[in-house]
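Data block below; observations after.
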Amino acid sequence: MNNMEQKKQTPQVRFKGYTDTWEQRKLGEVVDVYDGVHQTPDYTDKGIMFLSVENISTLKSEKYISEEAFNRDYKVYPEKGDILMTRIGDVGTPNVVETTEKVAFYVSLALLKPINVDSYFLCNSILSPFFQNGLKERTLVTAIPQKINKDEIGKVSLYLPNLIDEQKEIGAFFRHLNTLITLHQRKYNKLLNLKKAMLQKMFPQNGSLYPEIRFKGFKDAWEQRKLNTITDVRDGTHDSPKYVQNGHPFITSKNVGNGFINYDDIQYISDKDYDEINKRSKVDIYDILMGMIGTIGNLALIHEKPDFAIKNVALIKYTGDIDYKFLYQILQSHYITSQLLNSMDGGTQKFIALNKIRELNIPYPIKEEQRQIGSFLEQLDNLITLHQRKIEKLKQIKKSCLEKMFV
């Protein structure tokens with residue numbers, strides 16, 4: 001491919017009706033680049049909003065500077081349709097300014113003022129692999145934190161369609177995609193906050209035998225029972241079996257969390273070691289696993305027939321003496337996590353002894369109340385997981401589109 005062909009290319013995926021090649025340009029040809037203030041300002045209770053690198057995802061901040069300081073330090077400032085981009089630490093994350101109000105910004109952000117180019121197209125072009133690779137080449141990765149000098153930003157290349165209509169269609173598409181991601185992220189965050197509140201209000205706190213919120217028809221005081229009186233609590237092997245290439249997954253505390261087993265970073269053991277370990281700590285459906293080393297108290301509820309063995313994990317067996325959904329939820333409550341926190345041992349790497357898990361005080365209502373609480377919070381977890389998966393799917397779609405809809 002000759003140099004002229006390199007300067008003109010077309011993306012893999014395009015909107016119908018567009019066939020012209022895209023031309024390679026320097027970013028500095030289509031934007032003016034400006035710096036923020038280099039000194040930490042004197043903050044005020046109100047005034048002009050002050051943005052820094054940590055505000056890039058929302059372009060919202062609770063920090064303000066005075067109107068006087070703004071007029072003194074900002075001859076050029078962000079306006080609606082401009083782009084702010086991180087240039088220190090997390091280099092190369094952009095966002096389009098939506099507000100018409102005055103905004104101040106720190107040196108960790110660069111201000112890009114578009115010249116005859118669609119802002120939303122340009123914002124997503126900056127996120128494309130081609131531009132990100134060019135940005136990385138000019139980033140001072142040895143600096144702590146890494147950064148890109150302002151004068152280097154405009155030298156990074158990107159490809160542009162000549163037709164502003166094509167830019168606008170692409171920009172609008174990604175704007176809609178981002179809106180969907182934000183929508184599900186907000187719903188996800190609201191559900192997480194609701195779950196956190198329910199874990200506090202639906203279980204007794206501070207020695208009380210009555211929760212703050214109850215289902216209709218339940219009035220009796222809850223009992224207090226030790227965990228080992230309502231279930232069988234064991235742990236996994238204390239040995240380190242030899243790992244094999246193919247075999248049974250070997251689960252440790254790092255693989256337990258958010259209700260599930262994480263198989264991303266897993267080792268495998270032989271049939272012989274698997275059978276030997278499971279003589280004393282076989283995991284079955286409806287059992288609960290709890291991390292004992294590192295991040296204490298992480299949980300996984302077993303929904304399907306397992307094919308793994310465990311180490312450094314507490315095994316809380318399902319015996320039928322307590323509703324397993326209720327037990328899984330109450331083990332996440334502040335009342336239990338505070339007990340775990342006070343029972344930890346160790347220095348740099350914390351751990352909790354099995355006997356202390358067995359001695360956990362568990363608030364214990366009648367079975368029907370257990371069932372209703374467990375089912376309600378399970379439904380809440382299912383909604384949380386649903387939105388989490390939608391966010392992940394939309395992000396994957398966006399990643400694929402950034403690769404295929406830009407050169």
Side-chain angles (χ1 to χ4, degrees), residues 11-16 31 49 51-62 78 80-87 89-101 103 105 108-112 114 117-133 135-136 158-161 166-197 257-260 262 264 379-407:
Q12 280 182 261
V13 175
R14 303 181 82 169
F15 285 102
K16 189 175 180 180
V31 301
M49 187 167 61
L51 300 175
S52 190
V53 65
E54 64 269 17
N55 308 121
I56 193 63
S57 63
T58 61
L59 295 187
K60 302 287 185 183
S61 171
E62 294 182 0
K80 187 174 182 178
D82 290 346
I83 295 170
L84 286 168
M85 187 189 83
T86 53
R87 55 176 290 268
D90 169 34
V91 175
T93 299
N95 205 346
V96 178
V97 176
E98 299 279 4
T99 183
T100 56
E101 296 179 5
V103 178
F105 65 107
S108 56
L109 298 172
L111 171 60
L112 313 179
V117 62
D118 181 76
S119 300
Y120 297 97
F121 170 87
L122 184 59
C123 184
N124 288 284
S125 183
I126 287 170
L127 289 169
S128 69
F130 179 77
F131 188 91
Q132 288 287 313
N133 288 335
L135 200 64
K136 193 176 294 183
L158 74 162
Y159 281 88
L160 291 172
E166 185 173 10
Q167 294 180 25
K168 286 182 176 180
E169 281 206 54
I170 295 169
F173 169 80
F174 279 97
R175 191 180 186 187
H176 177 65
L177 198 52
N178 288 335
T179 299
L180 285 176
I181 293 170
T182 301
L183 177 67
H184 285 293
Q185 189 69 55
R186 284 175 183 162
K187 289 181 178 178
Y188 174 75
N189 292 339
K190 282 183 179 179
L191 287 166
L192 282 182
N193 289 333
L194 177 60
K195 173 74 184 290
K196 184 179 178 182
N258 298 318
F260 300 97
N262 178 2
D264 289 346
Q379 289 175 16
L380 202 51
D381 282 342
N382 289 340
L383 282 173
I384 290 169
T385 302
L386 177 68
H387 284 290
Q388 186 179 30
R389 286 176 179 165
K390 283 183 177 178
I391 292 166
E392 290 168 357
K393 186 176 181 179
L394 286 166
K395 285 183 175 178
Q396 283 298 318
I397 290 170
K398 181 178 177 180
K399 182 176 182 290
S400 178
C401 289
L402 286 171
E403 291 171 355
K404 294 177 180 178
M405 293 180 70
F406 294 94
V407 177

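Not measured: the values here are computed from a predicted model.
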For this session: Applying side chain to side chain donor-acceptor pair (under 3.5 Å), name anything that partners Asn133, two or more places apart in sequence or on another chain.
Result: none
Using a 3.5 Å distance criterion without hydrogens, assess whether the side chain of [X] forms a donor-acceptor pair with backbone atoms of [Y].
X      : Y      : value
Ser128 : Ser125 : yes
Thr86  : Thr93  : yes
Gln132 : Ile126 : yes
Asn95  : Leu84  : no
Gln167 : Asp118 : yes
Ser52  : Glu54  : no
Ser108 : Val53  : yes

Exercise. Run the side chain to side chain contact (heavy atoms under 4.5 Å, CB included) check on Leu135 and Met85 step by step: do they pass?
Worked result: CA-CA 12 Å; Leu135 200 64; Met85 187 189 83; 4.3 Å; yes
What are the two closest non-hydrogen atoms of [X] and [Y], and how far apart are they?
X      : Y      : answer
Gln12  : Glu403 : OE1-O, 4.5 Å
Leu59  : Val96  : CD1-O, 3.6 Å
Asp264 : Asn262 : N-OD1, 2.9 Å
Pro129 : Leu402 : CD-O, 3.5 Å
Lys195 : Leu380 : CA-CD2, 3.7 Å
Ala110 : Arg87  : CB-CD, 3.8 Å

Exercise. Could you go step by step and tell me if Glu98 and Arg175 meet the salt bridge (charged side-chain N to carboxylate O under 4.0 Å, His left out) rule?
Worked result: CA-CA 12 Å; Glu98 299 279 4; Arg175 191 180 186 187; 3.4 Å; yes
Problem set entry | CA sep, side-chain torsions, deciding dist, call: Leu194, Lys190, side chain to side chain contact (heavy atoms under 4.5 Å, CB included) | CA-CA 6 Å; Leu194 177 60; Lys190 282 183 179 179; over 6 Å; no
Got a second to check how far [X]'s [atom1] is from [Y]'s [atom2], nearest 0.5 Å?
X      : Y      : atom1 : atom2 : value
Leu122 : Ile170 : CG    : CD1   : 12.0 Å
Ser57  : Asp90  : OG    : CG    : 10.0 Å
Phe121 : Leu160 : CZ    : CG    : 5.0 Å
Lys60  : Leu51  : NZ    : CG    : 9.5 Å
Gln396 : Arg389 : CD    : CZ    : 14.5 Å
Leu386 : His184 : CG    : NE2   : 8.0 Å

Exercise. Under a 4.5 Å cut-off applied to non-hydrogen side-chain atoms, are Asn124 and Lys398 in contact?
Worked result: yes
Exercise. Are side-chain heavy atoms of Asn189 and Gln185 found at a separation under 4.5 Å?
Worked result: yes
Exercise. Near Lys168 NZ, under 6.0 Å, is it more than 12 heavy atoms from other residues, nucleotides or ligands?
Worked result: no
Exercise. Within a radius of less than 6.0 Å around CG of Asn258, do more than 12 heavy atoms belonging to other residues, nucleotides or ligands occur?
Worked result: no
Problem set entry | Phe131, Phe406, Phe130 screened by ring-ring contact (aromatic ring centres under 6.0 Å, His included) with Tyr159, the one that passes | Phe130
For this session: Take Asn55 and Leu109 through the side chain to side chain contact (heavy atoms under 4.5 Å, CB included) test and state the conclusion after the steps.
Result: CA-CA 10 Å; Asn55 308 121; Leu109 298 172; over 6 Å; no
Problem set entry | Derivation of the side chain to side chain contact (heavy atoms under 4.5 Å, CB included) call for Lys399 and Lys395 | CA-CA 6 Å; Lys399 182 176 182 290; Lys395 285 183 175 178; over 6 Å; no
For this session: Describe, in one word, how the ring planes of Phe173 and Phe15 are oriented to each other, choosing from parallel (under 30°), tilted (30 to 60°) and perpendicular (over 60°).
Result: perpendicular
